[in-house]
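Structure record follows, encoded as structure tokens.
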Amino acid sequence: MTGTLDMAYADHLRMWAAGSPTRRLVDELLGNGEQAEAALLRTYLAAGEQWVTTSPASGAWQGRACWIGARPPAEANGGDLWFDVAEVTTTVLVPRPNAEVADFSPDEWEIMTPCVGWLSTRPVRRWQVLGFAAVADLNVARQIGSSAYAMGLQGRWANQYAVYFGKSLPGWDSWWGASCAFGEQILDAMWPEDIPEIGFHVEEDAVAILGRARALLVDQDPGGSFPLGEHFAIADHFWLPGMRFRTEVSTQLGLLPPDGEGIGGARILARP
């Protein structure tokens, strides 16, 4: 059944690139138990971008203000949601911890934003990676396992997926902000199991490996180094069995522009 969802997602990306998304993906999402994504995408296709209040189908995220659109809203508060209709993923606006904001210098206040970014509320699903791989002509099916989430990709391919949507892999500051701003119920919904995730590039060819216990520490030093240290980075061409990943958009940098190639030669999907 999920094979049909993979193909529907690939068609969604192709049609999106052509400027004419269709309802087929909504039907496949419903048929595969992705109720929240189906409802939000259906709302967008019917009435365009708008603010809504999330329904019980959103689980721990129900009752929150959620922007449905191809780009983040112009104005939002920490804890608000953005359903990205291109990636078909719900993200949450993560505020910066008070300790980090208090440590800002006057110069940093000129360039920094009060929120870290829009962090995906869940890891990337298997059907999303397979659909993306079909569009990007990557052969990843044997490497990502049979879990509902995509697991075991190379770091560079996880990054290529993120870049395709104009996004990046999360950094430690996103999780520090999340751990300070959100309660245990939300954090458990975002990262339900102690399974490592692939994080941002700490060097040109190495990605960080984020462990739940360390990444969600509230007591971080804003002036210190990345809390996991260099020991928890790995070359991005290695397969990473059992590791998940997710995307984010920095509020400081915004979506990557689709004019030319992204990081690693990946093209970037155009958005209206």
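As the structure is a computational prediction, the values presented were derived from the model and not from experiment.
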I need the Met7 CE to Glu28 CD distance, nearest 0.5 Å.
8.0 Å
Measure up the Tyr9 and His12 rings against each other and bin them: parallel (under 30°), tilted (30 to 60°), perpendicular (over 60°).
parallel
Within the 4.5 Å heavy-atom criterion, are Arg96 and Pro114 side-chain neighbours or not?
no
What's the spacing between Glu87 CD and Glu37 CD if we round to 0.5 Å?
10.5 Å
Tell me whether the rings of Phe245 and Tyr161 are parallel (<30°), tilted (30 to 60°) or perpendicular (>60°).
perpendicular
With no hydrogens and no angle check, is any side-chain donor or acceptor of Trp82 less than 3.5 Å from a backbone partner on Pro73?
no
Starting at CG of Leu119, measure out to CZ of Arg246 and round the result to the nearest 0.5 Å.
5.5 Å
Run Leu5 and Leu25 through side chain to side chain contact (heavy atoms under 4.5 Å, CB included) and show every step you take.
CA-CA 7 Å; Leu5 179 53; Leu25 180 58; 3.7 Å; yes
Test side-chain contact (heavy atoms from CB on, under 4.5 Å), reference Leu255, set Leu269, Asp84, Val249, output is Val249
Taking atom CG of Asn98 as the centre, does the number of heavy atoms from other residues, nucleotides or ligands within less than 6.0 Å exceed 12?
no
Any side-chain heavy atom of Trp176 sitting closer than 4.5 Å to one from Cys180?
yes
Looking only at non-hydrogen atoms, find the nearest pair between Gly69 and Glu49 and report the distance.
CA-CB, 4.1 Å
OG on Ser58 to CZ on Arg64, rounded to 0.5 Å:
10.5 Å
Minimum-distance pair of heavy atoms, taken over all atoms of Lys167 and Arg271
CE-NH2, 3.8 Å
Would Leu187 end up clustered with Leu93 when hydrophobic side chains under 4.5 Å apart are linked, directly or stepwise?
no
Say whether Val88 and Leu30 are linked into one hydrophobic cluster, either directly or through other cluster members, by side-chain heavy-atom distances under 4.5 angstrom.
yes
Are Trp51 and Phe83 linked, directly or through other ILVMFWY residues, by side chains that come within less than 4.5 angstrom of each other?
no
List the steps and the verdict of side chain to side chain contact (heavy atoms under 4.5 Å, CB included) for Arg125 and Tyr149.
CA-CA 4 Å; Arg125 300 281 203 207; Tyr149 297 110; 3.1 Å; yes
Among the clusters formed by ILVMFWY side chains lying less than 4.5 Å apart, do Met190 and Trp118 turn up in the same one?
no
Between CG on residue Leu210 and CD1 on residue Ile198, distance to nearest 0.5 Å:
9.5 Å
Thr90 and Arg122: CA distance, side-chain angles, deciding distance, side chain to side chain contact (heavy atoms under 4.5 Å, CB included) verdict:
CA-CA 8 Å; Thr90 300; Arg122 59 160 174 76; over 6 Å; no
Heavy-atom pair of closest approach, residues Thr54 and Cys66
CG2-CB, 3.6 Å
Is the closest side-chain heavy-atom distance between Asp11 and Arg14 below 4.5 Å?
yes
Audit row: Trp127, Glu34, side-chain hydrogen bond (donor to acceptor under 3.5 Å, both in side chains) steps and yes/no:
CA-CA 11 Å; Trp127 53 264; Glu34 304 283 15; 3.0 Å; yes
Side chain proximity check, Val124 to Phe132, heavy atoms < 4.5 angstrom
no
Minimum heavy-atom distance between Ala134 and Ala10, given as atom pair plus value
CB-CB, 4.1 Å
Kindly compute the distance separating CD (Glu197) from OG (Ser120), expressed to the nearest 0.5 Å.
9.0 Å
Would Val207 and Asn159 count as a side chain to side chain contact (heavy atoms under 4.5 Å, CB included) if you check the C-alpha gap in whole Å, the side-chain angles of each, and the deciding distance to 0.1 Å?
CA-CA 9 Å; Val207 291; Asn159 187 67; 5.7 Å; no
Note, Trp61 side chain near Ile186 side chain (heavy atom, < 4.5 Å):
yes
Let's go through Asp27 and Arg24 carefully: what are the C-alpha distance in whole Å and the side-chain angles of both, what is the deciding distance for salt bridge (Lys or Arg N to Asp or Glu O under 4.0 Å) to 0.1 Å, and is it a yes or a no?
CA-CA 5 Å; Asp27 297 332; Arg24 180 193 172 199; over 6 Å; no
Does the Trp191 side chain pair with the main chain of Glu193, one donor and one acceptor, at a distance under 3.5 Å?
yes
Taking all atoms of both residues into account, what is the closest heavy-atom pair of Leu169 and Gly155, and its distance?
CD1-O, 4.4 Å
If the plane angle is over 60° it's perpendicular, under 30° parallel, otherwise tilted; pick one for Trp16 and Tyr44.
tilted
Transitively linked via ILVMFWY side-chain contacts under 4.5 Å: Trp67 with Leu45?
no
Between Gln35 and Ala57, which heavy-atom pair has the shortest distance, and what is it?
CB-CB, 4.3 Å
Given 3.5 Å as the limit, does a donor-acceptor pair link the side chain of Thr251 with the main chain of Thr113, or not?
no
